[in-house]
Amino acid sequence: MPIQTYALHPGFAAEASYRDLSERLDDTVIAAIGAALKTYPVLVFRDQHLTDAQLRDFALRFGPLEIGRPAARPGRRRLAIPQIGDVSNLDEDGKVRALTDKRRLDSLGNRLWHTDASYMPVPVVFGFLHAVTLPPPSPFGNGETEFADMRAAYDALPQATRDAIDPLVAEHDIFWSRAQIGFTDFEPGDREKYPPSPQRLVRRHPVTGRKNLYLSAHASHIVGWPVADGRLLLLDLTSHATQPGFVYSHDWRVGDLLIWDNRCTMHRGRPHDEMQPRDLRRATMLDTASTLDEAA
Ligand code: OGA
Ligand code: MN
């Protein structure tokens, strides 16, 4: 194996070692990382130092990349490469955004448990998140990122519950996840550009064949159910799936590169000192079809 792993959380998160992911890697290395992600859908590489172009090129080895909502907006941007998501609290000029800055408020939706882009008709596969600048510790938190194992959460449900939820479809909506934190200040045209998308509530992982919950803060209700009932079910399942036993909390170091599988995990950012820069860069691999087209 060209990479070694050791578990940070049994069966779900691992540290992986490879000397330098900025090099042009052999196909066998990419295949080994893909294989490790089957067992450990959260993989941590330490001491990597990638430019945005190197991060993009590395992520591209796995598949085509998403251009996220912020990068798709017209106007000036801090980062040059549209496939690199700006996961920071910095404005176009690299200054820490004001507390009331609407881009900041929109991005605070990442503090809710979610899987990326589940509001898109075709959601995403791997997230590649690289730490460039980190804030010092604060009383509210250090900007950790937490991950939850949606396979273990599914397996832990009673059989009757699994049978009952297996055929359900949830509607995922970026407007709903933001409404939960009081953010409604979307751009004109965003509603039309990002309509809600239906997604299976239970997915079967196309590579491992294992079933898992597919939950997200974007999930607003269950299709065909009264909104209230669906929302309450989603709340119950989310509380179940994010119990401490299913969660790995990542303490960031500069140079970390995390890769996670959005199909079978949820994640959320934690608070930090908002006056200090926190700068991470993300590339995200697109999936090829709706979850509705996957095998049940
Ligand atoms: C993300 C995300 C959380 C964080 O990059 O997709 O949700 O801790 N990040 O920044
Ligand atoms: Mn995210």
Side-chain angles (χ1 to χ4, degrees), residues 5 7-16 36-44 87 107-119 123-129 131 141-158 161-162 165-166 168 170 172 174 176-177 180-181 199-208 210-220 222 230-252 256-272 280 282 284-285 287 291:
T5 53
L8 298 167
H9 189 289
F12 159 54
E15 188 164 317
L37 282 162
K38 287 198 245 173
T39 312
Y40 298 110
V42 178
L43 270 190
V44 180
V87 182
S107 73
L108 286 187
N110 283 344
R111 305 269 174 96
L112 302 171
W113 282 109
H114 67 284
T115 181
D116 290 331
S118 62
Y119 52 85
V124 298
V125 181
F126 299 132
F128 303 81
L129 190 58
N142 307 337
E144 300 87 346
T145 306
E146 295 180 338
F147 292 86
D149 184 354
M150 297 294 104
R151 314 171 305 179
Y154 178 78
D155 290 347
L157 290 169
T161 308
R162 283 184 284 177
I165 66 172
D166 270 5
L168 299 180
H172 292 240
I174 183 67
W176 164 242
S177 60
Q180 291 179 67
I181 55 165
Q199 308 287 1
R200 275 185 196 285
L201 181 61
V202 175
R203 296 180 72 170
R204 187 183 287 284
H205 196 283
V207 180
T208 65
R210 225 175 132 178
K211 280 191 187 178
N212 61 264
L213 290 169
Y214 189 59
L215 296 168
S216 185
H218 307 306
S220 67
I222 301 292
R231 204 158 277 176
L232 291 165
L233 174 66
L234 291 166
L235 281 168
D236 271 354
L237 291 173
T238 302
S239 319
H240 163 76
T242 57
Q243 295 175 73
F246 302 134
V247 172
Y248 164 70
S249 176
H250 185 67
D251 294 319
W252 287 97
D256 286 353
L257 174 67
L258 248 76
I259 311 178
W260 70 92
D261 190 337
N262 276 293
R263 295 170 295 190
C264 61
T265 60
M266 277 206 290
H267 61 278
R268 67 170 179 177
R270 299 299 293 152
H272 57 84
L280 297 95
R282 197 188 83 198
T284 313
M285 178 191 153
D287 212 336
T291 61

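Position 1 is the first residue of the sequence; numbering continues from there. Quick note: numbers below take in every heavy atom, side chains included, and nothing from hydrogens, waters or symmetry partners.
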Peer 1: Can you sort out the partners of Thr291 under side-chain hydrogen bond (donor to acceptor under 3.5 Å, both in side chains), two or more places apart, ordered by chain and number?
Peer 2: Gln199
Peer 1: If you round to the nearest 0.5 Å, how far is CG of Leu112 from CE of Met266?
Peer 2: 10.5 Å
Peer 1: Taking only residues two or more places apart in sequence, or in another chain, which ones meet Arg268 in a salt bridge (Lys or Arg N to Asp or Glu O under 4.0 Å)?
Peer 2: Glu146
Peer 1: Report yes if some heavy atom in the side chain of His172 is under 4.5 Å from a heavy atom in the side chain of Pro123; otherwise report no.
Peer 2: no
Peer 1: Are the side chains of Leu201 and Leu237 in touch, meaning some heavy atoms are under 4.5 Å apart?
Peer 2: yes
Peer 1: Taking only residues two or more places apart in sequence or in another chain, which ones pass side-chain hydrogen bond (donor to acceptor under 3.5 Å, both in side chains) with Ser107?
Peer 2: none
Peer 1: Check whether any side-chain N or O of Thr115 sits under 3.5 Å from a backbone N or O of Ser216 as a donor-acceptor pair, and report yes or no.
Peer 2: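 Absent.
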Peer 1: If I compare all heavy atoms of Pro271 with all of Glu144, which pair ends up nearest, and what's the gap?
Peer 2: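 So the two residues come closest at O-OE1, 4.4 Å.
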Peer 1: Do Pro41 and His205 touch side chain to side chain, with heavy atoms closer than 4.5 Å?
Peer 2: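 Counting from C-beta outward, Pro41 and His205 never come under 4.5 Å.
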Peer 1: Kindly write out the residues that satisfy ring pair (Phe, Tyr, Trp, His ring centres under 6.0 Å) with His250, not counting sequence neighbours, or none if the list is empty.
Peer 2: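 If we apply the ring pair (Phe, Tyr, Trp, His ring centres under 6.0 Å) test to His250, skipping adjacent residues, the hits are Tyr248, Trp252.
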Peer 1: What residues, two or more places apart in sequence or in another chain, satisfy salt bridge (Lys or Arg N to Asp or Glu O under 4.0 Å) together with Glu15?
Peer 2: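 In terms of salt bridge (Lys or Arg N to Asp or Glu O under 4.0 Å), with neighbours along the sequence ignored, Glu15 is linked to Arg46.
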Peer 1: In Å and rounded to the nearest 0.5 Å, what is the OG to CG distance from Ser249 to Leu8?
Peer 2: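 Those atoms lie 11.0 Å apart.
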Peer 1: Restricting to salt bridge (Lys or Arg N to Asp or Glu O under 4.0 Å), what partner residues turn up for Asp155, sequence neighbours left out?
Peer 2: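 Listed in chain order: Arg210.
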Peer 1: Arg270 versus Asn142: any side-chain heavy-atom pair under 4.5 Å?
Peer 2: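 No, side chains not in contact.
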Peer 1: With sequence neighbours left out, write down each residue that passes side-chain hydrogen bond (donor to acceptor under 3.5 Å, both in side chains) with Gln243, or none if nothing qualifies.
Peer 2: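 In terms of side-chain hydrogen bond (donor to acceptor under 3.5 Å, both in side chains), with neighbours along the sequence ignored, Gln243 is linked to His240.
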Peer 1: Which atom names give the shortest non-hydrogen contact between Arg263 and Tyr214, and what distance separates them?
Peer 2: O-CD1, 3.7 Å
Peer 1: Restricting to ring pair (Phe, Tyr, Trp, His ring centres under 6.0 Å), what partner residues turn up for His267, sequence neighbours left out?
Peer 2: His114, Phe147, Trp260
Peer 1: With a 3.5 Å cut-off and no angle check, do the side chains of Asp149 and His9 form a donor-acceptor pair?
Peer 2: no
Peer 1: With a 4.5 Å limit on heavy-atom distance, are the side chains of Ile259 and Val42 in contact?
Peer 2: no
Peer 1: For Asp256 and Asp251, which heavy atoms make the closest approach, and how far apart are they?
Peer 2: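 That would be OD2-O, 3.9 Å.
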Peer 1: Go through the structure and list residues passing ring pair (Phe, Tyr, Trp, His ring centres under 6.0 Å) with Tyr154, not counting sequence neighbours.
Peer 2: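 Applying ring pair (Phe, Tyr, Trp, His ring centres under 6.0 Å) to Tyr154 gives none.
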Peer 1: Using side-chain heavy atoms (C-beta onward) and a distance below 4.5 Å, is Val44 in contact with Leu258?
Peer 2: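 Yes, side chains in contact.
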Peer 1: Between Asn262 (side chain only) and Val124 (backbone N and O only), is there a donor and an acceptor less than 3.5 Å apart?
Peer 2: no
Peer 1: Considering only heavy atoms from C-beta outward, does the side chain of Ile165 approach that of Leu157 to under 4.5 Å?
Peer 2: yes
Peer 1: Of all the heavy-atom pairs spanning Val87 and Arg282, show the shortest one and how long it is.
Peer 2: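 Closest approach of Val87 to Arg282: CG2-CB, 3.8 Å.
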Peer 1: So, for Ser220 and Leu234, which heavy atoms are closest and what is the spacing to 0.1 Å?
Peer 2: C-CD1, 3.9 Å
Peer 1: Nearest 0.5 Å, what's the OG1-CH2 distance between Thr265 and Trp113?
Peer 2: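 Thr265 atom OG1 to Trp113 atom CH2 measures 9.5 Å (nearest 0.5 Å).
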Peer 1: Looking only at heavy atoms, which two atoms of Leu215 and Ala241 are closest? And how far apart?
Peer 2: CD1-CB, 4.0 Å
Peer 1: Could I get the full list of salt bridge (Lys or Arg N to Asp or Glu O under 4.0 Å) partners for Arg204, not counting sequence neighbours?
Peer 2: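 Checked Arg204 against salt bridge (Lys or Arg N to Asp or Glu O under 4.0 Å); zero matches.
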Peer 1: Once ring pair (Phe, Tyr, Trp, His ring centres under 6.0 Å) is applied, do any residues pair with Phe128, and if so which ones, sequence neighbours excluded?
Peer 2: Phe58, Phe62
Peer 1: If you measure from CZ on Phe126 to CG on Asp287, what distance do you get to the nearest 0.5 Å?
Peer 2: 9.5 Å
Peer 1: Test of understanding: with side-chain hydrogen bond (donor to acceptor under 3.5 Å, both in side chains), list the residues that count as partners of His272, not counting sequence neighbours.
Peer 2: Arg111
